[in-house]
Amino acid sequence: MKLTVWTYEGPPHVGALRVATGMEGLHYVLHAPQGDTYADLLFTMIERRGKRPPVTYTTFQARDLGADTATLFKDACLAAYERHKPEALIVGASCTAELIQDDPGGLAERLGLPVPVIALELPSYSRKELFGTDETFYQLTRHLAKPCDRTPEVSCNILGPVGLGFRHRDDVVEVTKLLAAMGIAVNAVAPMGSRPSDIARLGAAHFNVLLYPEHGEAAARWLEREHGQPFTKTVPIGAKATREFVAEVSQLASVAPQLDEADLRQPWWSASVDSTYLTGKRVFIFGDATHAMAAACVARDEMGFEVCGLGCYNREFARPLRALAKELGVSPLITDDYLEVERAIAEAAPEMILGTQMERHIGERLGIPCAVISSPVHVQDFPARHSPQMGVEGANVLFDTWVHPLVMGLEEHLLTMFREDFEFSDEAGPSHHGGAPAARAEGGQPPTPAAPPRHISGTSNDGEVLEVVWAAAAEKELRKIPFFVRNKARRNTERFAAERGVGEISVETLYEAKAHYAR
């Protein structure tokens with residue numbers, strides 16, 4: 001364990017909280033010290049839920065460690081049941097409370113509550129948040145799902161959506177439409193949107209649709225083994241995957257495939273003349289494995305991008321991601337260290353990043369546009385509007401989300417490139433203000449921000465380590481280069497200067513390097 005500013009995954013009890021928060025009629029009693037209640041903010045502030053998560057914390061303090069913390073936990077369980085009257089309780093310990101070994105499961109079982117009490121064994125110091133979601137849903141399914149007759153009509157369960165999931169709410173809407181078009185009913189959506197009583201009747205469905213393996217694969221495999229329910233392997237992100245998903249579902253349900261593509265605009269837009277100038281742009285992709293692998297296939301097969309980097313932070317899915325990376329001809333990046341991700345992105349020098357909110361910040365520092373495709377995300381990635389990633393409308397949303405950063409970045413570059421022309425100068429002033437000049441600094445000159453010189457370590461051909469400094473004029477000239485090749489030009493120029501023992505990069509050095517690498 002190490003200290004870090006950002007983290008892709010929290011401890012596993014946060015994953016359990018994501019499952020509980022998405023459900024109704026379930027309550028989570030968490031043995032945790034005062035201060036671990038920060039998790040509430042993830043849902044009320046970031047996901048903008050209208051109510052607090054269904055969790056009761058014991059919130060013991062330092063002075064309680066010399067007393068009976070087990071009694072505190074039992075009292076919290078009894079109070080939670082009396083106040084909320086849930087259909088089922090899940091109990092567990094946070095990473096800090098795990099150290100005092102109070103055994104929440106055993107303590108809760110001895111209380112004799114009249115509802116199912118499910119103990120969660122979530123090893124905080126060896127596993128992380130996505131393991132917590134998967135294990136919690138698996139334990140709920142294993143304890144609550146009962147043998148039952150199949151529904152008269154062909155039906156399925158939709159498995160995997162959870163609280164704080166990236167566009168899970170909207171994905172379920174789109175996938176439900178795809179199923180309804182083939183006459184397939186949805187028996188239950190779980191865990192998000194379900195109650196413990198809904199999980200009890202999961203066995204009534206004929207098969208399962210697994211949307212997010214990170215959160216539901218263990219439950220899906222258990223249902224396949226114990227209840228004879230096969231589950232889908234295709235995640236319908238992108239036009240091609242949506243068609244493959246419909247074909248797979250039709251085979252599982254023994255029905256004719258039906259897909260209404262009347263509103264599917266993404267393939268035409270991707271092939272239209274307006275987007276051809278984006279073809280071949282290099283993208284670096286990082287996120288949870290499901291979204292990262294789906295994004296890589298869409299980028300290559302549907303958008304015409306070149307994937308120059310692919311990685312994920314959840315090691316449980318490292319094997320399939322490595323296989324796809326080998327197919328794409330790139331080195332897989334399996335890490336939960338955002339600094340390592342930043343170094344890999346800087347090394348690859350892509351024209352765009354597809355990632356999480358961490359990669360969005362990395363892109364801002366490196367001057368590379370970024371589109372968010374995966375959790376963890378911030379509040380702006382939980383829009384009030386309908387904005388799915390899956391199905392027909394999801395394919396349209398992907399095109400908008402990925403292409404617009406490049407389009408706006410190109411527009412910004414053009415404005416920067418012509419800023420010194422008389423029509424665009426500060427002297428002329430903004431056209432919508434009638435040509436009024438901009439505010440001036442002291443001395444009558446427009447204020448211009450000064451960029452600090454850039455220092456970079458380099459090694460000359462003689463093996464000498466030297467400091468390469470960018471002159472202010474060269475930095476200014478570099479900014480005239482289009483954003484999607486600027487980083488590559490910077491790196492090439494720095495290497496050119498270091499190899500020749502040039503300590504300061506001037507405008508002349510910049511153009512000499514350009515001529516050298518153009519040969």
Side-chain angles (χ1 to χ4, degrees), residues 4-11 13-24 28 35-55 57 128-130 132-133 160-174 191-193 211-212 214-215 237 285-288 290-292 294-295 312-314 336 338 341-342 345 352-366 368-390 393-394 396-405 408-409:
T4 183
V5 176
W6 289 334
T7 180
Y8 289 99
E9 296 183 80
H13 74 265
V14 174
L17 188 55
R18 291 177 64 180
V19 172
T21 301
M23 295 181 62
E24 298 287 340
Y28 186 17
D36 273 0
T37 55
Y38 71 90
D40 280 14
L41 294 175
L42 298 174
F43 302 92
T44 56
M45 181 183 73
I46 295 178
E47 195 173 13
R48 298 189 287 195
R49 282 185 173 263
K51 55 184 178 181
R52 288 188 59 189
V55 57
Y57 300 90
K128 293 193 174 183
E129 183 178 331
L130 296 188
T133 60
V162 294
L164 270 182
F166 184 62
R167 310 291 170 81
H168 288 194
R169 173 199 66 193
D170 300 338
D171 287 346
V172 169
V173 172
E174 290 302 312
M192 188 176 75
L211 296 187
Y212 311 101
E214 281 86 354
H215 311 305
I237 296 179
I285 302 171
F286 192 87
D288 69 59
T290 293
H291 285 90
C312 72
Y313 55 79
N314 48 330
D336 59 0
Y338 67 92
V341 177
E342 182 169 0
I345 292 173
M352 186 169 72
I353 305 168
L354 303 177
T356 73
Q357 69 162 332
M358 266 77 104
E359 282 67 50
R360 176 163 49 206
H361 292 306
I362 289 170
E364 288 174 359
R365 286 199 298 278
L366 297 178
I368 304 172
C370 177
V372 174
I373 62 161
S374 161
S375 294
V377 294
H378 215 317
V379 62
Q380 63 263 49
D381 295 305
F382 287 98
R385 69 185 184 280
H386 184 64
S387 185
Q389 298 287 286
M390 295 184 180
E393 188 58 27
N396 297 334
V397 170
L398 288 182
F399 180 86
D400 288 343
T401 305
W402 298 7
V403 169
H404 289 173
M408 298 308 294

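Keep in mind the model is a prediction, meaning the values are calculated, not measured.
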[X] and [Y]: side-chain donor and acceptor closer than 3.5 Å?
X	Y	result
Asn314	Glu214	yes
His215	Thr133	yes
His13	Glu129	no
Tyr212	Asp171	yes

For this session: Report the C-alpha distance between Phe286 and Ile373 in whole Å, list the side-chain angles of each, state the deciding distance to 0.1 Å, and finish with yes or no for side chain to side chain contact (heavy atoms under 4.5 Å, CB included).
Result: CA-CA 9 Å; Phe286 192 87; Ile373 62 161; over 6 Å; no
For this session: Evaluate the side chain to side chain contact (heavy atoms under 4.5 Å, CB included) criterion for residues Glu9 and Asp336: first the C-alpha distance (whole Å), next the side-chain angles of each, then the deciding distance (0.1 Å), finally the verdict.
Result: CA-CA 8 Å; Glu9 296 183 80; Asp336 59 0; 5.7 Å; no
With sequence neighbours excluded, residues passing side chain to side chain donor-acceptor pair (under 3.5 Å) with [X]:
X	answer
Thr21	none
Tyr28	none
Glu47	Arg49

Problem set entry | Straight-line distance of Leu366 CG to His361 NE2, nearest 0.5 Å |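 Interatomic distance, Leu366 CG to His361 NE2, rounded to 0.5 Å: 13.0 Å.
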Exercise. Rounded to the nearest 0.5 Å, how far does CD of Gln389 lie from CG of Leu211?
Worked result: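 Answer for the CG-CD pair, Leu211 versus Gln389, is 12.5 Å.
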Please report the closest heavy-atom contact between [X] and [Y], naming both atoms and the distance.
X	Y	answer
Val397	Ser387	CG1-OG, 3.6 Å
Phe166	Val372	CZ-O, 3.6 Å
Gly165	Ser375	C-OG, 4.2 Å
Leu354	Ala295	CD1-CB, 4.4 Å
Phe43	Leu164	CE2-CG, 3.7 Å
Met192	Val162	SD-O, 3.5 Å

Exercise. Sub-3.5 Å donor-acceptor pair from the side chain of Thr356 to the main-chain atoms of Met358, do we have one?
Worked result: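 Looks like yes, one N/O pair under 3.5 Å.
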For this session: Give a yes or no on whether the backbone of Asp381 and the side-chain of Arg167 come within a donor-acceptor separation of less than 3.5 Å.
Result: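 Yes; at least one donor-acceptor contact below 3.5 Å.
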Can you find a pair of side-chain heavy atoms, one from [X] and one from [Y], that are under 4.5 Å apart?
X	Y	answer
Arg48	Thr44	no
His386	Val173	yes
Ile345	Ile368	yes
Ser374	Tyr313	yes

Exercise. Any salt bridge between Asp170 and Arg385, counting N to O under 4.0 Å?
Worked result: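 Arg385 and Asp170: not salt-bridged.
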For this session: Go through the steps for Val19 and Met23 under the test side chain to side chain contact (heavy atoms under 4.5 Å, CB included), then give the verdict.
Result: CA-CA 7 Å; Val19 172; Met23 295 181 62; 4.1 Å; yes
For this session: In sequence, state the C-alpha distance, the side-chain angles, and the governing distance for Glu24 and Lys51, and then conclude on salt bridge (charged side-chain N to carboxylate O under 4.0 Å, His left out).
Result: CA-CA 12 Å; Glu24 298 287 340; Lys51 55 184 178 181; 3.1 Å; yes
Exercise. For atom CZ of Arg52, is the number of surrounding heavy atoms from other residues, nucleotides or ligands below 6.0 Å larger than 12?
Worked result: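 No, not enclosed.
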